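Quick notes on the structure that follows.
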Amino acid sequence: MDSLEIDYRSGGNTLDQIDDFIGNYNLRPGGGFGNLHEFNLADHTFLSPAGFAYLTSPIKVKPKFTGLPYLGFKYAFGSSLTQDLNVEYQQFFKTNTHLHFQYRRRSSNGFLRSGDYKLNDVSLQFFHQKNRYSTHLEAYYGAHELGENDGLASDSLLDVFELNLIPVKRENAKSKIRKLDIKWNNYLRLIGDSIIGSGLKTRHQYSIRGREFYDQAVDMNSVDTFFIDTTGTTRDQYQTAKISNGAGIYFSSPNFSFDASLNHRYWRNQNLGNNRDTNEVFLHSLLNAGIGEQLRLQNEFYFNLIGATGEIKNYATLNYEVLSNLNVNGNLNFENLYPTPYQRFHQANYYQWNISNLEMQQKLQLSGSVRYGDTNYVEARVNWTNINNGRYFIDGTWRQDTLDFVSVGAFHLKGRFNLGQWSFYPKATIRFNASNFNYQPLFSTLNRIAFTTKLFKAQKLGVSLGVDLGYHTGYQFMTYNGVLDLYEPTSTGIKTPELFQLNAFMALSIDEFRFFVKGENISYLFQESTHRIDRDYPIMPMLIRLGITWDFFN
């Protein structure tokens with residue numbers, strides 16, 4: 001866990017980085033959740049190959065150690081009633097009882113018509129230990145509501161009217177996504193003490209994923225086939241719930257811990273009244289090893305015995321603190337899994353599929369980073385993902401017979417350098433991929449230059465001024481399907497051209513209170529408004545945002 005000191009600040013200790021939590025919005029639904037899928041393809045493709053863009057990467061609390069109760073508050077608002085809120089609470093009630101909580105909300109009226117959204121993420125962790133019993137509860141809930149406008153109907157008026165006045169393809173389409181994850185681990189020590197001991201472990205998990213898609217007054221000529229309702233009204237709905245319980249043994253010591261359990265899982269998929277379910281039995285183990293605080297190794301293993309026989313997942317992580325200012329990290333992740341219930345069968349108004357011949361897909365991800373320095377630092381990171389026999393949504397159905405082998409990767413280099421009151425944050429990314437999966441810019445860079453000082457005689461008022469200068473090469477984008485909420489790896493005649501990015505900001509601080517104002521995408525003023533990031537989604541317009549961060553101790 002992190003060590004939380006009195007000079008800790010939400011959004012980072014440096015004044016010239018406090019705007020980082022607001023992300024970089026785009027015109028896909030939900031503001032694109034603050035990033036472009038194609039800019040993070042090596043990461044996202046491992047999480048879910050070419051699909052379920054908005055059901056991945058939940059925002060969860062990261063536990064911090066603090067002797068005093070801590071409350072962190074971050075809030076920003078801007079054009080189109082854009083709002084970002086992040087509240088974090090950390091407290092150790094006793095040395096053996098602590099609570100960690102985080103709530104994040106993002107909302108907006110939308111940058112395109114019918115593009116409003118409300119995104120809520122709640123995360124909680126609770127630890128308690130007493131005598132021979134300890135427990136760890138982790139919970140996450142996500143509630144997302146998105147306007148699914150399917151992009152602009154035409155870009156002929158882009159240079160005449162404001163972006164949010166131009167007609168879109170779907171005026172009345174919306175989706176609601178619900179995600180719930182609960183994990184509860186219990187440990188009963190039978191032998192040893194609180195430093196070195198072993199005993200029994202129980203493992204309990206419950207998760208649910210659900211989505212509803214609504215559409216009304218659809219153009220009857222724009223849809224080839226209706227499977228359910230031909231009156232122009234659509235309500236597609238599904239949810240998959242999973243519950244698992246298991247028991248096993250554990251051993252724990254300061255530098256080594258291991259647990260293994262045998263688990264039963266029951267999952268049920270409900271899709272417009274059609275129910276399918278399965279019972280599974282699987283093994284799970286978790287290993288942690290290290291030498292002091294310098295070298296830490298973690299390995300999580302999963303093997304399915306019954307129900308999805310032969311499924312394997314293994315995630316290995318290495319963290320090596322070579323010196324106090326030199327850190328090395330590495331990850332090796334492997335999965336051999338059957339398609340998800342959603343990929344196997346689904347019934348909707350415009351789409352239907354039912355796949356009975358299931359084949360596993362293999363995913364291998366290798367990533368690592370090296371960071372040298374403290375206040376001034378250089379960090380290099382590489383991420384490489386390979387997928388064999390992957391299942392992708394192409395031409396209206398899931399296919400596993402087209403892209404036999406996919407390889408994507410990226411090399412990131414970033415740093416921070418101080419020269420007096422000037423700070424420089426260079427960042428560059430070089431990407432590589434197989435020729436059959438060329439859906440990412442081969443090069444991108446975003447560099448911040450900031451000047452920070454203190455004003456007046458008391459030196460209490462801090463001020464920072466800075467700009468971001470960015471560029472990326474042109475690339476073939478993936479097509480976002482709002483009806484199904486996934487990406488399609490299809491080739492179109494339209495590509496995203498090379499683009500420049502210019503942002504500017506000013507930040508002020510008085511002790512724990514900090515304020516900033518930021519102009520984003522100023523480069524929109526001198527670039528073609530008809531440039532695309534998707535088939536019918538243009539580039540993001542200029543956006544002004546104001547925000548604060550405030551930290552409370554005790």
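Remember, it's a predicted structure, so these values are computed and weren't measured experimentally.
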Test salt bridge (charged side-chain N to carboxylate O under 4.0 Å, His left out) applied to R209 and D485, step by step | CA-CA 13 Å; R209 296 285 187 275; D485 192 34; over 6 Å; no
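- Between D121 and K60, none of the side-chain N atoms (NZ, or NE/NH1/NH2) sits under 4.0 Å from a carboxylate O, so this pair counts as no salt bridge.
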Run the numbers on R448 and D20 for salt bridge (charged side-chain N to carboxylate O under 4.0 Å, His left out), then give the verdict.
-> CA-CA 12 Å; R448 170 162 290 191; D20 189 58; over 6 Å; no
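- With a 6.0 Å cutoff to the six-membered ring centre and a 45° limit on the axis angle, R28 does not count as a cation-pi contact of Y537.
- Panel note: side chain N271, backbone Q237; a donor-acceptor pair is recorded below 3.5 Å.
- For the pair N389 (side chain) and M360 (backbone), a donor-acceptor distance under 3.5 Å is present.
- Residue K169 qualifies as enclosed at atom NZ: its count of foreign heavy atoms under 6.0 Å is above 12.
- Separation of atoms CG (L152) and CZ (R532) is listed at 6.0 Å; rounding is to 0.5 Å.
- A donor-acceptor contact shorter than 3.5 Å links the side chain of E38 to the backbone of M478.
- Aromatic ring centres of F213 and Y351 lie farther apart than the 6.0 Å criterion allows.
- Atom OG1 of T385 and atom CD of Q365 lie 4.0 Å apart (nearest 0.5 Å).
- The backbone N or O of S261 sits less than 3.5 Å from a side-chain atom of N263, completing a donor-acceptor pair.
- Note that CG of L318 and CG of L295 are 5.5 Å apart. Values are rounded to the nearest 0.5 Å.
- The aromatic ring centroids of F477 and Y475 lie 6.0 Å or more from each other.
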S444 and R431: CA distance, side-chain angles, deciding distance, side chain to side chain contact (heavy atoms under 4.5 Å, CB included) verdict | CA-CA 9 Å; S444 62; R431 300 178 180 87; 3.0 Å; yes
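- The environment of N279 atom CG is dense: over 12 non-hydrogen atoms of other residues, nucleotides or ligands sit within 6.0 angstrom.
- Panel note: side chain R344, backbone P339; a donor-acceptor pair is recorded below 3.5 Å.
- Defined by atom type and a distance below 3.5 Å, a donor-acceptor pair is present between the side-chain atoms of Y425 and R416.
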Go through R203 and D259 one step at a time and tell me if the salt bridge (charged side-chain N to carboxylate O under 4.0 Å, His left out) criterion holds.
-> CA-CA 10 Å; R203 186 173 181 268; D259 65 64; over 6 Å; no
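- Proximity of the aromatic rings of Y342 and W353 is defined here by a centroid distance below 6.0 angstrom, and this criterion is met.
- No side-chain donor-acceptor contact under 3.5 Å links Q125 to the backbone of P63.
- A salt bridge does not link R211 with D236: every distance from a Lys NZ or Arg NE/NH1/NH2 to an Asp or Glu carboxylate oxygen is 4.0 Å or more.
- Centroid-to-centroid, the aromatic rings of F33 and H144 come within less than 6.0 Å.
- Geometric assessment of K174 against the ring of Y214 yields a negative cation-pi assignment under the 6.0 Å and 45° thresholds.
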Dump the intermediate steps for ring pair (Phe, Tyr, Trp, His ring centres under 6.0 Å) on Y487 and H44, then the final yes or no.
-> CA-CA 11 Å; Y487 285 105; H44 291 182; 8.3 Å; no
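- When atom types are taken as modelled, the side chain of S407 and the backbone of A434 share no donor-acceptor pair closer than 3.5 angstrom.
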